There are 2 protein chains.
Amino acid sequence: MDHHDAEADFEGLLRAADLRVTRPRLAVLRAVGRQPHADTGSVLAAVRTEEPTVSHQAVYDVLGVLSESGLVRRIQPAGSVARYELRVGDNHHHVVCRSCGTVADVDCAVGVRPCLHASDSHGFVIDEAEVTYWGLCPACATQKSATSN
Amino acid sequence: MDHHDAEADFEGLLRAADLRVTRPRLAVLRAVGRQPHADTGSVLAAVRTEEPTVSHQAVYDVLGVLSESGLVRRIQPAGSVARYELRVGDNHHHVVCRSCGTVADVDCAVGVRPCLHASDSHGFVIDEAEVTYWGLCPACATQKSATSN
DNA sequence: GCGGAAGACTTGACTCGTTCAAGTAAAGGG
DNA sequence: CCCTTTACTTGAACGAGTCAAGTCTTCCGC
């Protein structure tokens, strides 16, 4: 038991996923954990505060393998670049601000995965239902109503 | 009543939306109607079969204003370029093939708009719930199971 | 601990969907 | 039919993401 009780055991997660433990991977996991819904650029910047020599290609590669392995989740709302989060496996959803692009988590209203079944799926084999709510975040909503006064 | 009974009255739709009626706009509407879920490049190609001199910028502009006016709907599944469809206002959803990217329509399981309500929306003012189902299309599904034999 | 093979990272060029900017052409109200 | 508004053309630019070649690390087996 070390002094990082509150932090996830990223090294263990990587080993459990049969992935090599490297400084860039640990730094990316910490960065995504610290800043949920960060885009690649933000992750890169955050990583470089701890590991200044990490290349942008490494961050793309790492985010790619972590996504494939299910250690991070990649989301990409229309009109946005790819964003990443550590919260995986609970099938939660997202609400996106149409004005500023801010993303927030929304718990699944149904709770089972996939949490919706399509009425007619055209023969597709469906494994996930992704829900994106669109609207205005509190800040943009008050701003808009103030402007229209 | 002209000889195009089966076709939508695109000119009327444009006028109703307070948009000028132009040859590029009519051609884009026809193209999107013919080929639902087409990306910008396909729309451009289709438009040029009728109007060979239309620029690619014009297609971007037209798709932009038609989307804003609600005459076409823009979707952008993660990892895909923007796609467009004429079917608007019925809040239907989409199923996307993880393997080949094919998109198909799925009727809304609930039927009201927004068809889901978030349990805790963090103060966001939500106006739409967009559902994307992920899986494999019939062709890719049979291909995969054949390969793994 | 140590060596070697598999895999990760660095560097730098490049692709391509999309946007920007300036000038020309067309729509449609008066 | 003219004039103003707004669309469209042309051509350059942007930026997220990818590709490719070479170097460095990880970690397994000894």
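Just so it is clear, the model here is predicted, and its values are computed rather than measured. Naming convention: chains lettered A, B, ... in sequence-line order (proteins, then strands); numbering from 1 in each chain.
Screening residues 73-89 of chain A for salt bridge (Lys or Arg N to Asp or Glu O under 4.0 Å), with sequence neighbours left out, gives A/R73-A/E85, A/R87-A/D90, A/R87-A/D105, A/R87-A/D107.
Considering only side-chain N and O atoms, B/T40 lies under 4.0 angstrom from the phosphate OP1 or OP2 of C/dT18. Considering only side-chain N and O atoms, A/T22 lies under 4.0 angstrom from the phosphate OP1 or OP2 of C/dC9.
Scanning atom types as modelled, one donor and one acceptor separated by under 3.5 angstrom connect the side chain of A/R20 and the base of C/dA6.
Note that the CZ atom of A/R25 and the CG atom of A/L19 stand 5.0 Å from one another [nearest 0.5 Å].
Counting to the nearest Å, the P atom of C/dA8 and the CG atom of A/L66 are 11 Å from each other. Spacing between atom CG of A/L14 and atom C1' of D/dT25 amounts to 15 Å, rounded to whole angstrom units. Following rounding to the nearest Å, A/R15 (CZ) and C/dG7 (P) show an atom-to-atom distance of 16 Å. When the C1' atom of C/dT10 is taken as reference, atom CD of A/E51 falls 14 Å away, rounded to whole Å. Per the geometry, OH belonging to A/Y60 stands 18 Å off P belonging to C/dC14, to the nearest Å. Between the C1' atom of C/dA6 and the CG atom of A/D61 lies a distance of 16 Å, rounded to the nearest Å. As rounded to whole Å, 17 Å separates atom P of C/dA25 from atom CZ of B/R23. In this structure, B/D18 atom CG and D/dA7 atom P are separated by 10 Å, rounded to whole Å.
Between the side chain of B/Q76 and the backbone N or O of A/G79 there is at least one donor-acceptor pair closer than 3.5 Å. Distance alone, capped at 3.5 Å, places no donor-acceptor pair between the A/S69 side chain and the A/L66 backbone. The main-chain N or O of A/T53 is never found under 3.5 Å from a side-chain atom of A/R48 such that the two would form a donor-acceptor pair.
In the set C/dG12, C/dT10, C/dT19, the nucleotide with an atom closest to the side chain of A/H56 is C/dG12. Out of C/dT10, D/dT9, D/dG17, the shortest distance to the side chain of A/S55 is found at C/dT10.
Annotation: of the two residues near DNA chain C, B/R74 and A/A58, the 5′-most nearest-nucleotide partner is A/A58. Map B/V65 and A/L19 each onto its nearest nucleotide of DNA chain D; the residue landing nearer the 5' end is B/V65. The 5' end of DNA chain C is approached more closely, in terms of each residue's nearest nucleotide, by A/Q57 than by the other of B/V21 and A/Q57.
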